[in-house]
A.B. asks: 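What follows is a single structure, and I will ask about it in a moment.
Order of appearance sets the numbers: ligands from 1, and atoms from 1 within every ligand. Positions are given from 1, in the same order as the sequence printed here. None of these values were measured; they are calculated from a predicted model.
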Amino acid sequence: VPALITPDDLGAYEEARRGFNLYADKRPAAVAFPESEKEVVDIVRYAPEAGLRVNVQGTGHNQMALPEELGDTIVVRTDRLRGVHIDPVARVARVRAGDRWGDVVAIAAGYRLAPQSGTSSTVGVVGYTLGGGLPVALGRKYGLAANNVLAIELVTADGELRRVDHQTDPDLFWALRGGGGSFGAVTAIELPLYEIPEVYCGWLAFPLERADDALEGWRRLTETAPPELSLTGRLLAIPPLPEMPEPLRGKAFAIAQVAYVGAEAEGAELIQPVRDLGPTFDTVVPGGPEALSRLHQDPPDPVPTVSSHMLVDALPAEAIPAIVAASGVGPGQPLLSLEFRHAGAALADAPTHGGARSTLEGEYVMFAATLATSPATVAAARAHYRVLRAALAPWDTGRAYLNLVEEKTDVAALFASDATHDRLREIKARYDPGNVFRANHEITPGRVA
Ligand SMILES: Cc1cc2nc3c(=O)[nH]c(=O)nc-3n(C[C@H](O)[C@H](O)[C@H](O)COP(=O)(O)OP(=O)(O)OC[C@H]3O[C@@H](n4cnc5c(N)ncnc54)[C@H](O)[C@@H]3O)c2cc1C
């Protein structure tokens with residue numbers, strides 16, 4: 001078994017248990033950093049013998065949903081299992097468990113190819129894909145990333161390293177694609193890449209006082225957008241930090257965030273109605289596929305955050321003033337950002353060979369976040385999330401998307417139906433009857449049919 005870092009290792013333990021979200025404060029029995037697939041096998045075989053469970057983490061981005069006390073769990077960090085291999089002819093990437101989206105995007109862009117990456121370069125490819133994978137731009141055209149995965153390599157609870165796909169283990173392959181990290185320690189994943197010669201993306205940003213107009217313009221555009229156009233409506237408070245550019249520092253904006261996969265002329269024509277509203281900043285420009293990973297401006301370094309998420313039905317015009325009134329973003333307000341990502345198109349059409357999370361319920365994906373800089377800011381944010389959720393209640397689908405839930409939650413509500421959750425529990429009982437693997441959002445073994 002590779003070295004286990006335990007609470008007795010003082011400084012090393014504090015460092016090892018820290019994830020990207022600095023607000024998370026989890027105390028596992030031990031943390032391991034395997035350097036090979038063989039070492040992953042060794043840990044998976046060792047843990048149950050020692051009466052311990054296993055939680056696998058790529059980056060610790062989504063640690064928050066785990067319990068604080070993890071005294072029965074070894075956290076397996078995959079940081080040292082790195083190495084992206086791209087076959088530009090077949091347009092396939094093999095990505096190891098520790099690779100982040102930034103690694104794949106950079107290499108693929110050299111071939112004018114792009115993966116179905118999310119908004120952030122620092123998110124783990126495997127963790128993201130096991131949860132479903134909502135791409136920043138290639139979702140409305142090609143669906144959730146998990147639906148397009150070609151094969152997954154993992155160590156299952158019996159200690160075997162396997163390569164699974166549609167043919168070899170259709171049930172396990174289905175569960176892994178959206179059911180999260182409850183089914184094994186994934187060591188690598190094979191993904192398709194897409195030929196993307198050019199994109200047209202950026203922000204149309206308006207002063208917060210114009211939020212009603214700006215978000216209504218964005219909302220109307222979503223009603224007719226083609227699958228190549230992904231639009232996010234955002235309200236964003238730029239923190240008053242010295243590293244922020246002076247014209248933005250400490251100010252709040254309403255933003256129509258544009259990601260068009262195609263030529264500038266077509267993209268410009270599509271977004272013209274919002275441009276006609278006269279944004280203060282217009283950063284929408286043509287670029288290569290790598291521009292998509294800078295679009296959302298997610299923090300490059302670890303930060304403490306708390307968030308809230310909802311899958312939202314179609315938004316009628318009267319929803320916009322309700323959203324603006326309850327946003328909680330602006331001077332003296334508790335939230336850093338509130339966004340609505342337009343889903344629909346291929347994200348709503350169930351493909352033939354989809355996984356456990358094959359579509360998203362609702363037309364929009366709400367995500368709200370706050371920097372957790374003090375207990376008071378966290379308390380204020382959490383209180384405000386309740387206000388926001390109450391304002392959005394008329395359009396709440398009642399379901400949520402696993403990857404964007406960063407609190408302990410009712411896991412059944414993370415799937416399209418209770419039947420999906422029941423099937424996941426039944427597959428868990430077959431592949432991990434002893435409940436060795438603990439995901440952040442846990443599927444527990446159910447009754448075998
Ligand atoms: C800034 C930011 C932007 C984001 N943008 C998007 C987005 O655009 N689209 C989207 O869909 N999601 C997005 N997410 C959510 C992200 O996909 C989830 O937080 C995801 O769980 C992160 O995976 P990770 O490996 O980085 O995090 P971790 O916290 O390390 O892992 C989360 C969970 O994934 C499982 N897991 C991870 N690696 C393995 C493995 N090798 N084997 C088995 N299980 C494993 C485990 O259950 C683990 O607890 C974003 C998150 C952040 C913080």
A.B. asks: Kindly compute the distance separating CD1 (Ile323) from CZ (Arg219), expressed to the nearest 0.5 Å.
C.D. replies: 9.5 Å
A.B. asks: Would you check ligand 1 and list the protein residues that come within less than 4.0 Å of it by any heavy atom, ordered by chain and number?
C.D. replies: Asn55, Val56, Gln57, Gly58, Thr59, Gly60, His61, Asn62, Gln63, Ala97, Gly118, Thr119, Ser120, Val123, Gly124, Val126, Gly127, Tyr128, Leu130, Gly133, Leu134, Gly181, Gly184, Ala185, Val186, Asp298, Arg341, Tyr401, Asn403, Leu404, Ala439, Asn440
A.B. asks: With sequence neighbours excluded, tell me which residues meet side-chain contact (heavy atoms from CB on, under 4.5 Å) with Glu228.
C.D. replies: Lys141, Pro226, Tyr260
A.B. asks: Output a table of donor-acceptor pairs, distance under 3.5 Å, between side-chain atoms of residues 123-139 and any protein atom two or more places apart or on a different chain; print 'none' if there are none.
C.D. replies:
from: Tyr128; atom 1: OH; to: Gln116; atom 2: O; distance (Å): 2.7
from: Tyr128; atom 1: OH; to: Gly118; atom 2: N; distance (Å): 3.3
from: Tyr128; atom 1: OH; to: Leu134; atom 2: O; distance (Å): 3.2
from: Thr129; atom 1: OG1; to: Val125; atom 2: O; distance (Å): 2.6

A.B. asks: Taking the side chain from Arg357 and the backbone from Thr359, do they hold a donor-acceptor pair closer than 3.5 Å?
C.D. replies: yes
A.B. asks: Do you know the tightest heavy-atom contact between Asp313 and Asp396?
C.D. replies: OD2-O, 4.3 Å
A.B. asks: If the condition is salt bridge (Lys or Arg N to Asp or Glu O under 4.0 Å), which residues does Asp42 pass it with, not counting sequence neighbours?
C.D. replies: Lys38
